[in-house]
Amino acid sequence: MTDVATDQLQVWVDQDLCTGDGLCVQYAPEVFEFDVDGLAYVKGPDGELRQAAGARVDVPEHLRLEVIDSAKECPGECIHVVRGSDGVEVAGPEAED
């Protein structure tokens with residue numbers, strides 16, 4: 001059994017649902033950034049946006065709560081936070097409450 005408190009998390013943004021509201025960028029600018037299209041994308045530790053559909057990045061341990069909160073508060077319900085070990089969504093539209 002994995003534990004969300006210790007398991008590596010990954011995050012991705014579904015741009016088809018992104019409203020461009022920007023809460024995610026406010027919560028975790030090290031992880032989320034707007035592109036020229038006005039939509040949010042995840043970015044890797046190198047600072048480069050991951051623009052492929054469904055592209056995931058690891059959530060830095062010190063930003064876990066911010067990234068989870070961004071998924072829970074996102075008005076577009078487009079941020080998916082999943083456990084790296086099994087891909088189960090822990091925050092976002094497909095997470096079990």
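- Between V90 and R83, the closest heavy-atom pair is CG1-CG, 3.6 Å.
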Kindly list each side-chain donor-acceptor pair under 3.5 angstrom involving residues 13-23, sequence neighbours excluded, with atom names and distances?
{"from": "D14", "atom 1": "OD1", "to": "D16", "atom 2": "N", "distance (Å)": "3.0"}
{"from": "Q15", "atom 1": "NE2", "to": "V13", "atom 2": "O", "distance (Å)": "3.3"}
{"from": "Q15", "atom 1": "NE2", "to": "A40", "atom 2": "O", "distance (Å)": "2.9"}

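- Annotation for V59 and Q10: closest pair CG2-C, 4.0 Å, computed over non-hydrogen atoms.
- V31 and V11 get closest at one heavy-atom pair: CG1-CG1, 3.7 Å.
- Taking the charged nitrogens against the carboxylate oxygens, K72 and D69 have no contact shorter than 4.0 Å, which rules out a salt bridge.
- Side-chain contact between Q51 and D35: present, with at least one pair of heavy atoms (C-beta onward) separated by less than 4.5 Å.
- Contact between R50 and A55 at its shortest, heavy atoms only, is CB-CB, 3.6 Å.
- Transitive grouping of hydrophobic side chains (ILVMFWY, heavy atoms separated by less than 4.5 Å) keeps L9 and V82 in distinct clusters.
- Cluster membership for W12 and I68, using ILVMFWY side-chain heavy atoms within less than 4.5 angstrom, is not shared.
- Counting all heavy atoms, side chain and backbone alike, Q26 lies closest to P29 at O-CD, 3.9 Å.
- Within the 4.5 Å cutoff, no side-chain heavy atoms of E61 are placed close to those of Q8.
- Atom CD of E77 is separated from atom CD of E94 by 10.5 Å, given to the nearest 0.5 angstrom.
- Cluster partners of V36: none. The rule joins Ile, Leu, Val, Met, Phe, Trp and Tyr whenever side-chain heavy atoms lie under 4.5 Å apart, and it links nothing here.
- Atom CD of E89 sits about 5.5 Å away from atom NE2 of H80, to the nearest 0.5 Å.
- For the ring pair (Phe, Tyr, Trp, His ring centres under 6.0 Å) condition, no pair includes a residue of residues 16-58, sequence neighbours left out.
- Scanning all heavy atoms of the two residues, the minimum distance from D7 to G84 falls at OD2-N, 4.0 Å.
- Each of V25, L63, I79 was compared with S70 under the side-chain contact (heavy atoms from CB on, under 4.5 Å) criterion, and only I79 meets it.
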